[in-house]
There are 2 protein chains.
Amino acid sequence: MKDNGKVTIYDISKRLNVSAATVSRALNNNPKISSKTRELVFTTAKEMNYKQNRLAQALKSGKSKNVGVIVPYINRNFFSSIIRGIEEELGPHGYHVIICQTHEQMDTEMEQINTLLNTQVDGIFMSISKSTTNIDHFTKVLQEGKFLIFFDRKLDVPGVSSVVIDDFKAGYMSTAHLISQGCKRIAHFSGDLNLEIYKNRHDGYISALENHGLKPDPRYIFTTLSNVESGAAAARKMWELKEKPDAVFSASDYTALGAVQELKKQGVRIPEDFCISGFSNEPFTQYMELPMSSIDQTPLRMGQIAAQVFLEQVDSDQELSIEKKVVLSPELMVRKSSNRSLAELKVQ
Amino acid sequence: MKDNGKVTIYDISKRLNVSAATVSRALNNNPKISSKTRELVFTTAKEMNYKQNRLAQALKSGKSKNVGVIVPYINRNFFSSIIRGIEEELGPHGYHVIICQTHEQMDTEMEQINTLLNTQVDGIFMSISKSTTNIDHFTKVLQEGKFLIFFDRKLDVPGVSSVVIDDFKAGYMSTAHLISQGCKRIAHFSGDLNLEIYKNRHDGYISALENHGLKPDPRYIFTTLSNVESGAAAARKMWELKEKPDAVFSASDYTALGAVQELKKQGVRIPEDFCISGFSNEPFTQYMELPMSSIDQTPLRMGQIAAQVFLEQVDSDQELSIEKKVVLSPELMVRKSSNRSLAELKVQ
DNA sequence: TTGTATGCGTTATCAT
DNA sequence: ATGATAACGCATACAA
């Protein structure tokens, strides 16, 4: 039975001495068909091992039932969890998910968008790359009548929906928590302020300081890359200051980890002398020598909701795509790295 | 300029008063075309913002330039790293990667394969689910003339290529290492022996014991699920034995982690009293309170090589798909959890 | 209820 | 070097 997968509705129609249209109707549960022929078609279709060609169907209908997801790197826990959420929400609706990586490069981002459009995806989900400044490639997606949905890292583009967490609030919560632990000189490891998310975390940090009567000090703010080395380097610099900080709110778990490692080397006791709080709730944070406080961004949920927003747009066949902005609440996970009550209990 | 992405070669041909065939030839760099018209077509194509429709091209050519990747869960570091490897190797060749999850269910695995075939993917990469026993859905892929490539978790199916690590060797290396640390009663946390990988890790463990004059003891072998709770439970059971083991080779980092947590609770000193070694080199293993020894499976590389195998098969347009079996070497990462020389240094 | 014919956008074959 | 046409597999408007 080496059919090579080339069984078409024509093969079935010949075998049954009916027209291809009838077969097509039967297969699609079209009401205008006798139940006998429908049954007949179904059974022989199965018999002949017929497989519908989604390509042809897509070409005909203008809907490919494919969506693209573009992220910097797919093997980052945060992003792969979002993708999982999207897949699980969209799969049952017959969609396939095509994944693309930008490696944080705007030009590959543009390329990926182009090839996805060529593939006739019905929509694109994405987190913009760090180096993205231009928005022409986004408006192009809209022009071509495809849906575009940002998650986490977004840019304000008219007509584009987005699902993000409240990064300002996350920054505020983290900082306020550090203050509640008695910290007075709180530093901040920021990411690229070109990205809204880092800007918002930063602003939340500043706002929390001010609301608690602490004066923000620019020397306490370090721009870092989201990796261990960069965190260690920032910690070193930080420790050269005359008036050393007594806490840091890091916008990345990796930089926070680098800081922990560096400060420990220098003999700093955490959380007794120094409190630290990271961002993203990476799996490793809870298994560390010193379990680290962090912000959970609920990526699975973020993906699911992004998918739901997409489905809504698809269903409501509006000419104008409605713009929907969803903001999720972050969750602060307090762990030992910033929990002095815990530490004191142990000391006693 | 609301073109809605509907610019076709016909639109270009009309504008230029040439035939669509000419436009197609020009766009495809067909030699049989004058360079003037080629240039002309190119510039107007760009002008009109023409985008090739890959769907139509795929339908015509029978090649979709899409591949499917099926894994249990895409947000497990191991799998997402493999997917990254595949994407990075295949992307430059014009392929898109469609991802699917099985949630370890054979029936969804079968479903995913079917829908991928409907989508006319050119090939499927996959790691089988735990519950997979039947191979009919795999041979079906071959019958339809599509390439099938297993990575990590495979089954022996004629005509199917695979890329795996040498799990036997990994089990052997880990166990031999524990023996070299002076451990005599080495336990094993195994996974589902239905999966070849766990079977091989187990066999490597047994072989290492025997080659070093140690007698395998069935009471020292625990079947676990790959999660923290299961590891803790196994550790509890293990510690109820009269003659307690002095080491464990775990086939999963998560069960190993569960064991570490449980044993610490019971006051066991690691690695002094008990050595432990995990599997997969999950990111958290190196950041743990007690950095954990583990086996690196080089997933990125595994994905790249799987992709290369696919490309080879595609290029060599053999009628018969050649079966290629690649076995990669695992790397043992020795860390504190099983490193007594390190521990002794500290003790002194 | 069923058949006929057409088109989705491309490319390849055959002419010219 | 270029044009006309058919075909990939399917779904639909229109006829019957």
Side-chain angles (χ1 to χ4, degrees), chain A residues 3-42 45 48-66 94 117-122 144-145, chain B residues 3-42 44-45 48-66 94 115 117-122 144-145:
Chain A
D3 48 45
N4 214 27
K6 292 301 172 208
V7 186
T8 73
I9 51 175
Y10 276 89
D11 299 319
I12 300 179
S13 73
K14 268 181 235 159
R15 170 93 81 98
L16 258 42
N17 277 323
V18 295
S19 76
T22 302
V23 175
S24 171
R25 279 189 277 256
L27 257 20
N28 289 316
N29 286 318
N30 189 309
K32 302 186 163 302
I33 197 114
S34 81
S35 44
K36 302 121 199 198
T37 41
R38 197 204 320 275
E39 300 262 324
L40 199 59
V41 168
F42 264 94
M48 300 178 72
N49 192 21
Y50 167 77
K51 283 193 163 16
Q52 187 188 51
N53 186 327
R54 279 182 55 161
L55 241 43
Q57 194 187 20
L59 182 59
K60 184 75 175 75
S61 70
K63 261 101 188 59
S64 69
K65 286 278 196 171
N66 284 151
L117 290 177
N118 291 353
T119 313
Q120 310 300 114
V121 291
D122 296 340
E144 307 217 347
Chain B
D3 49 43
N4 214 25
K6 292 301 171 208
V7 185
T8 74
I9 52 174
Y10 274 89
D11 299 319
I12 300 179
S13 74
K14 269 180 234 157
R15 170 95 80 99
L16 257 43
N17 277 324
V18 297
S19 77
T22 301
V23 176
S24 173
R25 278 190 278 257
L27 256 20
N28 289 317
N29 286 318
N30 187 310
K32 301 189 163 301
I33 197 113
S34 80
S35 44
K36 303 123 198 197
T37 42
R38 195 201 323 273
E39 301 261 323
L40 200 57
V41 168
F42 263 94
T44 51
M48 300 177 71
N49 191 22
Y50 166 77
K51 284 192 162 16
Q52 188 186 50
N53 186 326
R54 279 182 55 162
L55 240 43
Q57 195 187 20
L59 181 61
K60 187 76 176 70
S61 69
K63 260 102 188 61
S64 69
K65 286 279 196 169
N66 284 150
T115 64
L117 290 177
N118 290 354
T119 313
Q120 311 300 114
V121 292
D122 295 340
E144 307 217 348

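Numbers restart at 1 for each chain; the letters A, B, ... are given by sequence-line order, proteins then strands. In what follows, every heavy atom counts, from backbone to side chain, and hydrogens, waters and symmetry copies are set aside. Small disclaimer: the values here were computed from a predicted structure and weren't measured.
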Exercise. Checking all strands, does A:Ile33 fall into the base, sugar-phosphate, or nothing category for heavy-atom contacts under 4.0 angstrom?
Worked result: sugar-phosphate

Exercise. Under a 4.5 Å cut-off applied to non-hydrogen side-chain atoms, are B:Lys51 and A:Glu144 in contact?
Worked result: yes

For this session: Starting from C1' on D:dG3, measure out to NZ on B:Lys14 and report it in whole angstrom.
Result: 16 Å

For this session: Please tell me if the side chains of B:Asn53 and A:Gln120 come closer than 4.5 Å, counting only heavy atoms from C-beta onward.
Result: yes

Problem set entry | Atom of B:Ser64, atom of B:Val121 and distance for their closest heavy-atom approach | OG-CA, 3.6 Å

For this session: Using a 4.5 Å cut-off on heavy atoms from C-beta on, say whether the side chain of A:Tyr50 contacts that of A:Val23.
Result: no

Exercise. With the sugar-phosphate defined as primed atoms, P, OP1 and OP2, and the base as all remaining atoms, what B/S/- string results for nucleotides 10-16 of chain C, 5' to 3', for protein heavy atoms under 4.0 Å?
Worked result: BBBB---

Seminar exercise, completed: Whole-Å distance, A:Arg54 CZ to C:dC8 C1', equals 17 Å

Exercise. D:dC8 P sits how many Å from B:Gln120 CD, rounded?
Worked result: 13 Å

Problem set entry | Nearest heavy-atom neighbours spanning B:Leu55 and A:Leu59 | CD2-N, 4.0 Å

Seminar exercise, completed: Separation of D:dC8 atom P from A:Asp11 atom CG, nearest Å, is 10 Å

Exercise. Taking only N and O in the side chain of B:Thr22, is any of them less than 4.0 Å away from OP1 or OP2 of D:dT2?
Worked result: no

Problem set entry | B:Thr37 side chain near D:dA1 phosphate (N/O to OP1/OP2, under 4.0 Å) | no

For this session: Please state how far atom CG in B:Leu59 lies from atom P in D:dC10, giving the value in whole angstrom units.
Result: 9 Å

Exercise. Would a distance-only check, ignoring hydrogens and angles, find a side-chain to backbone donor-acceptor pair under 3.5 Å from A:Ser24 to A:Ala20?
Worked result: no

For this session: Give one of base, sugar-phosphate or nothing for B:Asn118, where a contact means two heavy atoms less than 4.0 Å apart.
Result: nothing

